[in-house]
Engineer: 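Here it is: the structure, laid out below.
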Amino acid sequence: MSLKISLPDGSKREYPAAVSALQVATDISPRLADAALAAEINGKMSDLSTIIDSDSELIIHTFKTDEGKELYWHSTAHLMAQAVKQLWPDVQVTIGPAIEQGFYYDFDREEAFSDEDLQKIEERMKELSAQDLPYYRKELSRAEAIEMFRGMNEMYKIEILSEIPEDQVISTYTQGDFIDLCRGPHISSSGKIKAVKLLKSSGAYWRGDEKNKMLKRIYGISFPTNKELKEYLNFLEEAAKRDHRKLGKDLDLFSISDEVGAGLVLWHPNGAMIRHLIEAYWKDAHLRNGYKLVYSPHVGRSNLWETSGHLGFYKENMYSKMDVESQDYYIKPMNCPFHLSIYNASHHSYRELPVRLAELGTVYRYERSGVLHGLMRVRGFTQDDAHIICTPDQVSNEVEKLIVFSLDMLKSFGFKEFMIYLSTKPEAAVGEDADWEMATQSLKASLNKLNLDFSVDEGGGAFYGPKIDIKIKDAIGRAWQCTTIQFDFNLPERFDMQYIGADNQAHRPYMIHRAVLGSVERFFATLLEYHGGNLPLWLAPVQMMILPITDAQLDYAKDLQSKLLEEGLRCEVDSRSEKIGYKIRDAELKKIPFMCIVGKREADEGSLTLRRHTQGDLGSMDFATALARIKHEL
RNA sequence: GCUCAAGUAGCUCAGUCGGUAGAGCACAUCCUUGGUAAGGAUGAGGUCACCGGUUCAAAUCCGGUCUUGAGCUCCA
């Protein structure tokens, strides 16, 4: 009997008898066999040693594929657990998966792992890798597995075992003296793990539930070569330089002070200027797209929050009530009740719809102290909020316009990559099934029509409606939600919203709640990280710094400044009696886009010398040429 | 909120064994007036996060509080 093995490039190989995946890889090329980590046989990830005994499709995974990386890191996690068990035999192992960037393993141990501990573990892992221990798969019965792990006193493994479905095969993987319960597959031997770095240790709850015991987690990463590891560590260093908290301090954009309170942002003049520019652009874009701007108060009576339901379902995120002439008031965690009250302040004909009410509305939410993070997670923030109230037959058109509008706005700030998520109806939800269906379909249809890739988060919608979220990545690849487009079947009911239809009857409108930037704070942070502090010219708080070479050119510099200010450019003069090199260095460190150097030569001829941040000297030119050069970039 | 780590001048950080603080940058004044990433001198600047304890003596040791960081969890 012979069998055919089809490869991803479309070629086929014939074998007279059953053969291991590794053998096939070796036949293709010894280099592939060396780099091979796992085999995907008819779509199923398997060990390289797996024997193929019938016609199959085979993909050999190396570190170049996502699947290969995942498996490699997972195997490294096992190796780390082995090292930890050797160093501290009393520690119990729990779980250790691969993550987007590397792996972690959670251990039950009293003390936290210190940096010295991590060092020791890393050393031991290197020794274990040098021993080139093969990873063996073994399948066994549930009873055998339970008995074995009980003998090893690995109670967490027994808990995991008890939750594995009856019909699933139970397997363990062994390398050297270490056995772990694992579905696999794994790399063939520890020698493949060449470069390991344990990055940090921290606490993590068993099963992510804060009612459970706090375990000690170690994060790490590994690569087939030291070069790749070095590159990765380099990337982390570069990312740290782009951290918005660091840039915020270096460029004097904002601060958060103990005295003012955690999660409350102070915007310094430079940061405030950037924010102002973002907001001005935002308002203009909204006015041009059929929105009406509104303003609403920061506090509202308890009645309002009872009507909206926030006191019921959102109370733990709201600050406690304040007493105003024996009436209870709450500071707002959301803007919706106000916008809906504005809508309800008058009667509406179907002819007026859609009504689009927009506000840069500052809200305050109680966030647990541990989650606060720079500008990304704060307690007081400004949502670029809007509520679209429309008739059922306007829904699809509105959704489509919204998606285009949102992406256009994000793109105009320089963003190019987005992750789009569609979240559907959760278990507990309000509203009619037909409404959910209609809303979800219009979200999906719009995404498809616009040819956008998106992932579906089944059951991930809010209880009041389905939604689309658009996320942007920060410097180290963490995704942060910016845009959110949410249907709301709850509030129109609660506020008894109406419009009068063509039939002269009152109808319930649809309501879409949306934020494009998400919050100004978070958006500002991602913007800063995305550009590494080198903001596009139109957003730079100071667009040009004029640098006179000696004090003798101060007057000329001031003249130039007023001419540039008249042209609408944000321009300053560095009038300190310092050398030109010093002033340039200073302006470069402040990431000011344009520097204008004027010495005796320029003053005499009425010219100027331009220098562009990140590019260097652009040479001397007359005023009109320089202005054209700058305006071209705006 | 929980686990671990940290908090010293505006910023970045030293500070040994407990003996009431130091550098560089930034800032101010003076000298220097210079051509594309740091010229020189002098000076000012600190309740060592806060509160309490141990001690003859606390930045240092202990306890508590606040804040920050990495995670868990949660979300714009």
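Within every chain, numbering begins at 1; the chains are lettered A, B, ... in the order of the sequence lines, protein sequences first and strands thereafter.
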Engineer: A:I592 has an atom CD1; how far is it from atom P of B:U36, in whole Å?
Structural biologist: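 Between P of B:U36 and CD1 of A:I592: 19 Å.
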
Engineer: Could you work out which one of B:C75, B:U33, B:A70 sits closest to the side chain of A:T550?
Structural biologist: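 So the nucleotide nearest the side chain must be B:U33.
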
Engineer: Would you please determine if the base of B:G71 is stacked by A:Y219, with stacking meaning a centroid separation under 5.5 angstrom and planes under 30 degrees?
Structural biologist: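 It does not: the ring fails the test against the base of B:G71.
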
Engineer: Look at the aromatic rings of A:F254 and A:W267 and report parallel, tilted or perpendicular, splitting at 30° and 60°.
Structural biologist: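 Tilted, since the angle between the ring planes falls between 30° and 60°.
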
Engineer: With C1' as the reference atom in both, quote the distance from B:A28 to B:G45 in angstrom, rounded to an integer.
Structural biologist: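 10 Å, rounded to whole Å.
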
Engineer: Under 3.5 Å, side chain of A:H531 to main-chain N/O of A:F413, donor-acceptor pair present?
Structural biologist: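 Yes; at least one donor-acceptor contact below 3.5 Å.
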
Engineer: Over all strands shown, is A:A515 touching base, sugar-phosphate only, or nothing at heavy-atom distances under 4.0 angstrom?
Structural biologist: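 The residue A:A515 makes no contact with any strand.
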
Engineer: Please determine, for the side chain of A:D258, which listed nucleotide (B:C72, B:G35, B:G7) has the closest atom?
Structural biologist: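 For A:D258, the side-chain atoms sit closest to B:G7.
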
Engineer: Tell me whether the OP1 or OP2 atom of B:U12 has a side-chain N or O from A:K249 closer than 4.0 Å.
Structural biologist: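 Checking A:K249 against B:U12: at least one side-chain N or O falls below 4.0 Å of OP1 or OP2.
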
Engineer: Sticking with atom P, work out how far B:G7 lies from B:U12, rounded to a whole angstrom.
Structural biologist: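 Nearest-Å result for B:G7 against B:U12 at atom P: 13 Å.
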
Engineer: Does OP1 or OP2 of B:U68 have a side-chain N or O of A:H373 closer than 4.0 Å?
Structural biologist: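 Checking A:H373 against B:U68: no side-chain N or O falls below 4.0 Å of OP1 or OP2.
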
Engineer: Measuring only the C1' atom in each nucleotide, how far is B:U8 from B:G15? A whole number of Å is fine.
Structural biologist: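 9 Å, rounded to whole Å.
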
Engineer: Please determine if A:K321 forms a cation-pi arrangement with A:Y330, meaning its NZ or CZ atom is less than 6.0 Å from the six-membered ring centre and no more than 45° off the ring axis.
Structural biologist: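 No.
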
Engineer: Does a distance-only test, which skips hydrogens and angles, find a donor-acceptor pair under 3.5 Å between the side chain of A:Y205 and the base of B:G71?
Structural biologist: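 No such pair is found, so the answer is no.
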
Engineer: Confirm from the modelled atom types if A:R377 and B:C74 form a donor-acceptor pair under 3.5 Å, side chain to base only.
Structural biologist: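 Answer yes: a donor N or O sits under 3.5 Å from an acceptor.
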
Engineer: Measuring only the P atom in each nucleotide, how far is B:A57 from B:G19? A whole number of Å is fine.
Structural biologist: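 Rounded to whole Å, the distance is 14 Å.
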
Engineer: Quick check for you: among B:U36, B:G35, B:G1, whose closest atom lies nearest to any side-chain atom of A:V371?
Structural biologist: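 My answer, after comparing the listed nucleotides, is B:G1.
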
Engineer: Would you say the side-chain atoms of A:R365 and A:Y319 include a donor-acceptor pair closer than 3.5 Å?
Structural biologist: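 No, because no side-chain N or O of A:R365 sits under 3.5 Å from a partner of the opposite role on A:Y319.
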
Engineer: Taking any heavy-atom pair under 4.0 Å as a contact, classify A:Q481: base, sugar-phosphate, or nothing.
Structural biologist: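 The answer is sugar-phosphate, as A:Q481 gets under 4.0 Å only of primed atoms, P, OP1 or OP2.
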
Engineer: Given that both distances must come in under 3.5 Å, which nucleotide forms a Watson-Crick or G-U wobble pair with B:C61?
Structural biologist: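 In the structure as shown, B:C61 has B:G53 as its Watson-Crick or wobble partner.
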
Engineer: Using a cut-off of 4.0 Å on non-hydrogen atoms, how would the nucleic acid contact of A:E578 be classed: base, sugar-phosphate, or nothing?
Structural biologist: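 If one applies the 4.0 Å heavy-atom cut-off, A:E578 turns out to touch a base.
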
Engineer: Contact class for A:F381 (heavy atom, under 4.0 Å): base, sugar-phosphate, or nothing?
Structural biologist: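 It contacts base atoms.
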
Engineer: Do A:Q486 and B:A76 have a side chain to base donor-acceptor pair shorter than 3.5 Å?
Structural biologist: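 No, no donor-acceptor pair under 3.5 Å.
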
Engineer: Measure distances between side-chain N and O atoms of A:R522 and base N and O atoms of B:C75, and say whether any donor-acceptor pair falls under 3.5 Å.
Structural biologist: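 It does, because a donor-acceptor pair links the side chain of A:R522 to the base of B:C75 below 3.5 Å.
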
Engineer: Could you tell me whether A:G581 contacts a base, only the sugar-phosphate backbone, or nothing, with contacts defined as non-hydrogen atoms closer than 4.0 Å?
Structural biologist: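 Sugar-phosphate: the residue A:G581, judged by heavy atoms under 4.0 Å, touches backbone atoms but no base.
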
Engineer: Within the structure shown, what part of the strands sits under 4.0 Å from A:G518 by heavy-atom distance: base, sugar-phosphate, or nothing?
Structural biologist: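 Result for A:G518 = sugar-phosphate.
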
Engineer: When you compare B:G71 with B:U55, how far apart are their P atoms, in angstrom units rounded to a whole number?
Structural biologist: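 Going atom to atom, P in each nucleotide, I get 43 Å.
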
Engineer: How is A:E259 classified with respect to the nucleic acid when contacts are heavy atoms under 4.0 Å: base, sugar-phosphate, or nothing?
Structural biologist: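 Contact class for A:E259: none.
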
Engineer: Ring centroids only, cut at 6.0 angstrom: are A:W88 and A:F113 within range, meaning strictly under it?
Structural biologist: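 Ring-ring flag for A:W88/A:F113: true, centres closer than 6.0 Å.
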
Engineer: Pick the P atom in B:C48 and in B:U60, then give their distance to the nearest Å.
Structural biologist: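 It works out to 10 Å between them.
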
Engineer: Report which part of the nucleic acid A:K579 touches: base, sugar-phosphate, or nothing (heavy-atom distance under 4.0 Å, all strands).
Structural biologist: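 Contact class for A:K579: base.
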
Engineer: For A:L547, answer base if it contacts any base atom (sugar-phosphate contacts may also be present), sugar-phosphate if it contacts only those atoms, and nothing otherwise; contact means non-hydrogen atoms under 4.0 Å.
Structural biologist: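 It contacts nothing in the nucleic acid.
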
Engineer: I'd like to know if A:S202 reaches the base of B:A70 with its side chain, counting only an N/O donor and acceptor under 3.5 Å.
Structural biologist: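 It does not, because no donor-acceptor pair links the side chain of A:S202 to the base of B:A70 below 3.5 Å.
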
Engineer: Say we look at B:U42 and B:U20: how far apart would their P atoms be, to the nearest angstrom?
Structural biologist: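 The same atom, P, in both gives a distance of 26 Å.
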
Engineer: Of A:K246, A:H244, A:R245, which meets side-chain hydrogen bond (donor to acceptor under 3.5 Å, both in side chains) against A:E529?
Structural biologist: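 In the set A:K246, A:H244, A:R245, the residue that makes a side-chain hydrogen bond (donor to acceptor under 3.5 Å, both in side chains) with A:E529 is A:H244.
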
Engineer: Any donor-acceptor pair under 3.5 Å between the side chain of A:E602 and the base of B:G35?
Structural biologist: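 Flag set: donor-acceptor pair detected.
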
Engineer: Quantified in whole Å, what is the P atom distance between nucleotide B:A70 and nucleotide B:G35?
Structural biologist: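 About 45 Å, rounded to a whole number of Å.
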
Engineer: Decide if the gap between the ring center of A:F415 and the ring center of A:F523 is smaller than 6.0 angstrom.
Structural biologist: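 Yes - the distance between ring centres of A:F415 and A:F523 falls below the 6.0 Å cut-off.
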
